[in-house]
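These notes are about the structure you will find just below.
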Amino acid sequence: MITYQDVQAARERIAPYIVRTPLLRVPALDEALGCQVYLKHEGFQPMGAFKLRGAMNKALSLTPEERARGLVCASSGNHAQGVAYAAHKLGCRAVIVMPTNANPVKLAGVKKWGGQVELVGTLSSQREARAAELVREQGMVEVHPYADPYVAAGQGTLALEILEDLPDASLVAAPIGGGGLISGVATAVKGVNPQVRTVGVEPAGAPRYTRSRVEGRPVQLDSVNTIADGTRTDHANPDNFAMIQERVDELYTVEDAWIEKAMLLLMTQAKVIAEPSSALPVAAALAGVLPVKPEDKAVFVLSGGNADPALLARLLTQAAEINSVVL
C-alpha cells in the first residue's frame, strides 16, 4: 500500500507539470447539499481531469530507456488523456486503447495531445487484453489507470492541496471508479489529519467497493450500468480495496438520476461543468445519502469536466421544459 510519504514525493515530482487547482467556496450550494460547500474542481487541469496527476507521476518515475519504449494504457477517457498529455510533455510515444463507444470529448482530447488511439470493444477486459499484448509484443510500458502505486500516489496530491487551503475541513468526498483516486486521497488525508472524514461515492450501477466492504473481500460484478463512464470498472482491485478498508471512513452509492440532477445543479447554481463521474459526491449529498450537517465544511472533489456536450444539452433542455411548465 502507498504511504503518506509516497504522496508527498509525488507532489514534488509532478509540480512543474500540473495545475494547483483552486478550492472554491460555493455558498449557492449550501442549502441544497445541507453543509458549507467547497469544490475541488480538477476540470482546471490542462486535459480537464485529475488523471493527469497519476499519469504524470508514473511517467516521471520511469527511466529514460523505459519512456523511450513508449507508454500504453487502456482507458475510457480521462486517464487516456492524462497519459497522452504526459507523453507529449516528456517527448515519448503513447498508445491509448479506448472503447468503441468512447466519450467524444475525451477521444478528441487524446488525439489533441498526440496519443495514438486504438478503439477496442466496449468491455474493460477487452481493452486491458490489447494493452497487455502491446507490452508483450512491443515492450511498451503500461500506465494502469488505478492498479499502480505511482498513479494512486499522484492522485492523492490533490488532497494535500485541499488541506493546505482548508485545514479545518470536516470531510473530503471523492468519486470511486477503479479506486486509485480514493486510495490516494485517503492516504493523504489520514497522513495530514486523521480526524477529517474521508468519503467515497460509487454509482449504484457499479458498486464494486461498497459490495466488497460488505463481503469483506474484493468482488467482481456481473454487470455494470451507469451514466458515469469514468467509473465503469467491473471489479475491485485488491490493493486499492485494502487501502479503502483501512483508510476510507464511509462508502455510499447513488443512482444515475441523482447524478444528472447534481450535474444540472452544478451548472446552474455553481456555474461549473462536471462530468457524470465527477458529480458523484455532490449527487450523494443532494440525494440525502451522504450525512452532513449545516456546520460541516465539506469538500467535494469534482474529478473532471470532460462532459459530453450532447448530455449537457439534454439536461439543460429538460430543465428548461420543466421550468416552462411550472411558469
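The figures that follow rest on heavy atoms only: side chains count, while hydrogens, waters and symmetry mates do not.
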For Asn240 and Tyr209 the tightest heavy-atom approach is CB-OH, 3.7 Å

Scanning both residues in full, the closest heavy-atom pair of Ala319 with Leu264 reads CB-CD2, 3.4 Å

Inset, instruction - Salt-bridge test for Lys261 and Asp256: reply yes if a basic N is under 4.0 Å from a carboxylate O, no otherwise. - result: no

Closest non-hydrogen atoms of Cys92 and Arg67, given as atom of the first, atom of the second and distance, are CB-O, 3.3 Å

Glu161/Arg11 salt bridge by N-O under 4.0 Å criterion = no

Checklist entry - Do the charged groups of Asp249 and Arg197 touch, with an N to O distance under 4.0 Å? => result no

Got Leu311 and Pro276 here, is their nearest side-chain heavy-atom distance under 4.5 Å? yes

message = For the residue pair Gln8 / Arg13, report whether a side-chain donor-acceptor contact shorter than 3.5 Å exists.
response = no

With the threshold set at 4.0 Å, does a side-chain nitrogen-carboxylate oxygen contact exist between Glu65 and Arg69? yes

| Hey, is Lys106 close enough to Asp229 for a salt bridge, meaning N to O under 4.0 Å? | yes

Practice task
Run the salt-bridge test on Glu118 and Arg127 with the 4.0 Å N-O cut-off and return the result as yes or no.
Solution key: no

Just by distance, with hydrogens left out, do Glu275 and Asn78 show a side-chain donor and acceptor under 3.5 Å apart? yes

- Task: Run the salt-bridge test on Lys51 and Glu42 with the 4.0 Å N-O cut-off and return the result as yes or no.
- Result: no

Any salt bridge between Lys190 and Glu246, counting N to O under 4.0 Å? no

* Asked: Salt bridge or not for Asp234 and Arg208, using N-O below 4.0 Å?
  -> no

Scanning both residues in full, the closest heavy-atom pair of Ile244 with Arg213 reads O-NH2, 2.8 Å

- Task: Give a yes or no on whether Leu24 and Leu158 share a hydrophobic cluster (residues Ile, Leu, Val, Met, Phe, Trp, Tyr; joining criterion: side-chain heavy atoms under 4.5 Å apart).
- Result: no

### Task
Tell me yes or no: between the side chains of Glu202 and Thr210, is some donor less than 3.5 Å from an acceptor?
yes

